[in-house]
Amino acid sequence: MVRVDLGEVGYAEAIEAMRGWVAERQAGTAPDRLFLLTHPPVVTYGRHTPPEDLPQDGSLQTIEVDRGGHATYHGPGQLVGYLVMNLRERGPGDVVRRLELGLVAALADLGFATVRRDTPKGADSLVGVWTPEHHKLVSIGMRIRGGVTSHGFALNIDSDLGVYERFTACRLPGVTMTSLRRMAEAAGVATPTEAAVRDAVARRLGAVSG
């Protein structure tokens, strides 16, 4: 997989670019790629998200998207990773679980213990990466079309966690969202830089610079 580092990209611009990335992968004109970037503040949501889960005060832009999952925040201090992979070439397996485990391993490399959680039958999805105390650090939402994945994950490094008080994240009322900064402060260690997080995530997901 090829690692592609981008800076801040507007959400609508990224989604339009992603359509091209997916088409290239489906046509076989590009390899599997991991795009690492950030977004300006926005709440995105899947088509099954109840309206009451979204910000009600007009303080945040909201955009409906064609991925799984519910309302998710993107903004400064957060690392977003978009995976565009051909699953037919990679063989069978749960791509979301592989992503969760790769992120857990990357965070362990950075000195932070995290876990993935199984979703009880009939419950709202617990997909993502969590602290052992079940505070949510990483949100994941993916789409698969024509055997190719798109969308991916959002990892809070030094995000404004107050944003999460304005909407219901991931259809999980009462969930506590956290960040690496908050975890680092609790542990009395330095918050990793975005560059360090990018390197750890890319390494564990098997992405190398092209």
Side-chain angles (χ1 to χ4, degrees), residues 1-25 29-45 55 59-67 69 71-85 99-100 102-103 105-107 109-112 114 128-129 136-143 148-164 166-167 169-170 177-184 190-210:
M1 186 189 305
V2 173
R3 168 182 173 174
V4 181
D5 282 281
L6 303 174
E8 183 179 88
V9 181
Y11 192 81
E13 179 185 349
I15 294 305
E16 182 61 30
M18 192 185 303
R19 294 189 184 101
W21 303 336
V22 170
E24 290 170 346
R25 191 66 192 95
T29 58
D32 289 347
R33 287 178 285 185
L34 169 65
F35 296 86
L36 298 171
L37 61 146
T38 63
H39 288 309
V42 63
V43 171
T44 67
Y45 61 97
S59 62
L60 288 166
Q61 181 185 21
T62 60
I63 299 178
E64 184 175 350
V65 294
D66 60 352
R67 57 155 172 79
T72 301
Y73 172 73
H74 298 303
Q78 183 186 77
L79 176 63
V80 172
Y82 290 136
L83 284 157
V84 181
M85 303 185 301
L99 176 56
E100 288 174 321
L103 291 170
L107 291 161
D109 291 342
L110 294 166
F112 297 92
T114 56
V129 177
K136 194 169 189 181
L137 177 67
V138 183
S139 298
I140 294 174
M142 299 190 72
R143 178 180 180 176
V148 173
T149 65
S150 58
H151 297 278
F153 66 87
L155 190 164
N156 292 333
I157 300 173
D158 189 9
S159 307
D160 175 10
L161 298 177
V163 167
Y164 293 100
R166 302 184 217 166
F167 72 101
C170 308
M177 301 297 296
T178 193
S179 65
L180 286 180
R181 178 179 180 179
R182 180 170 287 181
M183 295 171 68
T191 304
T193 64
E194 181 185 318
V197 177
R198 286 182 179 230
D199 287 346
V201 167
R203 183 170 55 252
R204 284 298 188 171
L205 296 183
V208 296
S209 297

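Values below: all heavy atoms of this structure, side chains included; hydrogens, waters and symmetry mates excluded.
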Is any side-chain heavy atom of V138 closer than 4.5 Å to a side-chain heavy atom of T114? no
Going from CG on L34 to CZ on R198, what distance comes out if it is rounded to the nearest 0.5 angstrom? 9.5 Å
dist L205:CG -> R3:CZ (nearest 0.5 Å) comes out at 10.5 Å
How long is the span from the CG atom in D199 to the CG atom in L110, to the nearest 0.5 Å? 9.5 Å
Anything under 30° is parallel, anything over 60° is perpendicular, the rest tilted; go ahead and classify W21 against F35. parallel
Examine distances only and state if a side-chain atom of T29 and a backbone atom of E24 form a donor-acceptor pair shorter than 3.5 Å. yes
Step-by-step side chain to side chain contact (heavy atoms under 4.5 Å, CB included) determination, M177 to S139: CA-CA 10 Å; M177 301 297 296; S139 298; 4.0 Å; yes
Looking at side-chain heavy atoms only, is the closest gap between H39 and T44 below 4.5 Å? no
Are the side chains of H151 and I15 in touch, meaning some heavy atoms are under 4.5 Å apart? yes
What I'd like to find out is whether the side chain of L180 reaches to under 4.5 Å of the side chain of D158, using heavy atoms alone. no
Salt-bridge contact R181-D160 (side-chain N to carboxylate O under 4.0 Å): no
Check the pair V43 / R166 against side chain to side chain contact (heavy atoms under 4.5 Å, CB included), numbers first and verdict last. CA-CA 10 Å; V43 171; R166 302 184 217 166; over 6 Å; no
If we ignore hydrogens and angles and just use 3.5 Å, is the side chain of R25 paired with the main-chain N or O of V148 as donor and acceptor? no
Determine whether N156 and T178 make a side-chain contact, defined as any pair of heavy atoms from C-beta on separated by less than 4.5 Å. no
